[in-house]
There are 2 protein chains.
Amino acid sequence: MTATRRDQVRAATLEEIKAVARQQMAASGTADLSLRAVARSMGLTAPALYRYYPNRDALVTALIVDAFNALADHLEAAQAVATGNFGERFMAVIAAYRGWALAHPVDFQLIYGNPIIGYEAPREETVPAASRNLAILAELLAEGLAEGKVEQPRVPAWFVQHLETLRGPGRQSAPIEALYLSVVGWMPLHGILMLELFNHLQPVVGQTDAFFAHTMCHLYTQMGLNLSE
Amino acid sequence: MTATRRDQVRAATLEEIKAVARQQMAASGTADLSLRAVARSMGLTAPALYRYYPNRDALVTALIVDAFNALADHLEAAQAVATGNFGERFMAVIAAYRGWALAHPVDFQLIYGNPIIGYEAPREETVPAASRNLAILAELLAEGLAEGKVEQPRVPAWFVQHLETLRGPGRQSAPIEALYLSVVGWMPLHGILMLELFNHLQPVVGQTDAFFAHTMCHLYTQMGLNLSE
DNA sequence: TGTTTACAGTTTACGGCGTTAACAAACAAA
DNA sequence: TTTGTTTGTTAACGCCGTAAACTGTAAACA
């Protein structure tokens, strides 16, 4: 029942395995993750890891869930710290999103890239964590809407229906319009980041920093966000 | 000099290896590509393949170059066939882009996803092929600009400079404004497709077909394209 | 036409991988 | 102190990419 001595050690080992795996993937790429190498680097033999994770995919799943939550934590922290008017706060969170992706490319592509083989992470684990990210953007957009800094979008009827189920029956969060804008606004953001992470953006646009800042402001302004005041 | 008998057989074998590899990846995912399995499926032993490709990465590179060109060919064909006003023609090519991505998910993620390990395809091969795709969009947008169906965008000065080098010294292709719009418009398109291909879009938006059509029209209209007349 | 040469394929081998089975030591609970 | 559980080991299986050495066979040339 209470956390016994052995349970603590076990929990620490579970974490250490993930840490070493992350470190190894940062050095050699997501697909190179090798249980034997992880074990070796921990001074263990490979079969010992099977006491902690039933197989390699289970370890990857754990890493993915961690990555999702780390990103959402990072965004929440950025949102909490952000000051100034709506535009400044919104762009601060957008910048934090890109910042995390560039700082943790392996985790980001673990989440949003093709995560090793035909493997698919279990929905019940990843979808809620992924929703947190959208929820943060939606919350900010709700503030913008309330302040009149964001134009009311016209949400298609069929989409309203789905967004309501997405919002869940629980806590009364952002209005549909905010959720809608966060989803649509996610597309160019995600597109830029995926291209940048896989080095397809730099040869096309030259200065990726400037392109990101410019394009995001440009598109979001055209979507009806007042970012300047 | 002329294509001798043996050269023809060799060329056919090079193609067969790629075909079998594509087929195997379609069945088991990009990272599962196994030289031994390809050889087995061709009635050969694994080392025999080394007469044709110096190693596994070389084969993957060949597949990537093929995929780039297949996508560009597909877009050019769609453009050639497209009729109607500017908006209809433009959206037809956009739809063709998505159509190809969904019909050839493995090739698309070979191009734009993380293509196995820390491996990077040689720039001198992939960049020109990738540029073809943008060039087709830019050409269409140039027509739209000429017809007054596309608003003149304000291109940032630093970006003008880079876009001119990108356009190359060769043939006088689309104007800078068209190139600019094609690059910016590529971001949401790519974002949607990457999310859809990795199954992150469906849980969020429900009907991916409707979402794609709606969002693309929405964003491009806001970017200043007149799609309706 | 007969000889040489280049090529396409083989077998064998090395070291690495994920994973399973059988077993030993350390430890917790009785 | 004994018993049972947990954590680790070694050995083994069948994959993988790749290299070396070797063998026929088809093309090129005398």
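Here is how names work: the chains are called A, B, and so on, in the same order as the sequence lines, proteins then strands, and each is numbered from 1.
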Spatial distance of atom [atom1] ([X]) from atom [atom2] ([Y]) [nearest 0.5 Å]:
X	Y	atom1	atom2	result
B:Asp209	B:Leu102	CG	CG	8.0 Å
B:Asp32	B:Met25	CG	CE	10.5 Å
B:Met194	A:Met187	CE	CE	13.0 Å
B:Met91	B:Leu140	CE	CG	11.5 Å
B:Gln79	B:Glu139	CD	CD	4.5 Å

Check the interface with nucleotides 9-16 of chain C: list each N/O to N/O pair with the protein under 3.5 Å, or write none.
from: C:dG9; atom 1: OP2; to: B:Tyr52; atom 2: OH; distance (Å): 2.5
from: C:dG9; atom 1: N7; to: B:Arg51; atom 2: NE; distance (Å): 3.1
from: C:dG9; atom 1: O6; to: B:Arg51; atom 2: NH2; distance (Å): 2.2
from: C:dT10; atom 1: OP2; to: B:Thr45; atom 2: N; distance (Å): 2.9
from: C:dT10; atom 1: OP2; to: B:Thr45; atom 2: OG1; distance (Å): 2.4

*With under 30° as parallel and over 60° as perpendicular, where do the rings of B:Phe68 and A:His200 fit, or are they tilted in between?*
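The arrangement is perpendicular - the two ring planes meet at more than 60°.
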Identify each atom pair where a protein N or O and an N or O of nucleotides 28-30 of chain C are less than 3.5 Å apart, giving names and distance.
none

_OP1 or OP2 of C:dT19 under 4.0 Å from side-chain N/O of A:Arg56_ =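 A:Arg56 to C:dT19 OP1/OP2: no side-chain N or O under 4.0 Å.
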Between [atom2] on [N] and [atom1] on [X], what's the gap in Å once rounded to a whole number?
X	N	atom1	atom2	value
A:Arg10	D:dT7	CZ	C1'	9 Å
B:Tyr50	D:dA20	OH	P	12 Å
A:Leu35	C:dT20	CG	P	11 Å
A:Asn55	D:dC15	CG	C1'	16 Å
A:Asp57	C:dC17	CG	C1'	14 Å
B:Asp7	C:dA6	CG	C1'	12 Å
B:Glu16	C:dA8	CD	P	14 Å
A:Leu49	C:dT19	CG	P	11 Å

*Kindly state whether the ring of A:His214 and the ring of B:Phe159 have centres lying under 6.0 angstrom apart.*
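That pair fails the under 6.0 Å test.
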_Enumerate the salt bridge (charged side-chain N to carboxylate O under 4.0 Å, His left out) contacts for residues 8-21 of chain B, please, sequence neighbours excluded, ordered by first and then second residue._
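As it turns out, the salt bridge (charged side-chain N to carboxylate O under 4.0 Å, His left out) pairs with a partner in residues 8-21 of chain B, which skip direct neighbours, are B:Glu15-B:Lys18, B:Lys18-B:Asp66.
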*Do B:Gln24 and B:Ser41 touch side chain to side chain, with heavy atoms closer than 4.5 Å?*
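Result no, sub-4.5 Å side-chain heavy-atom pair not found.
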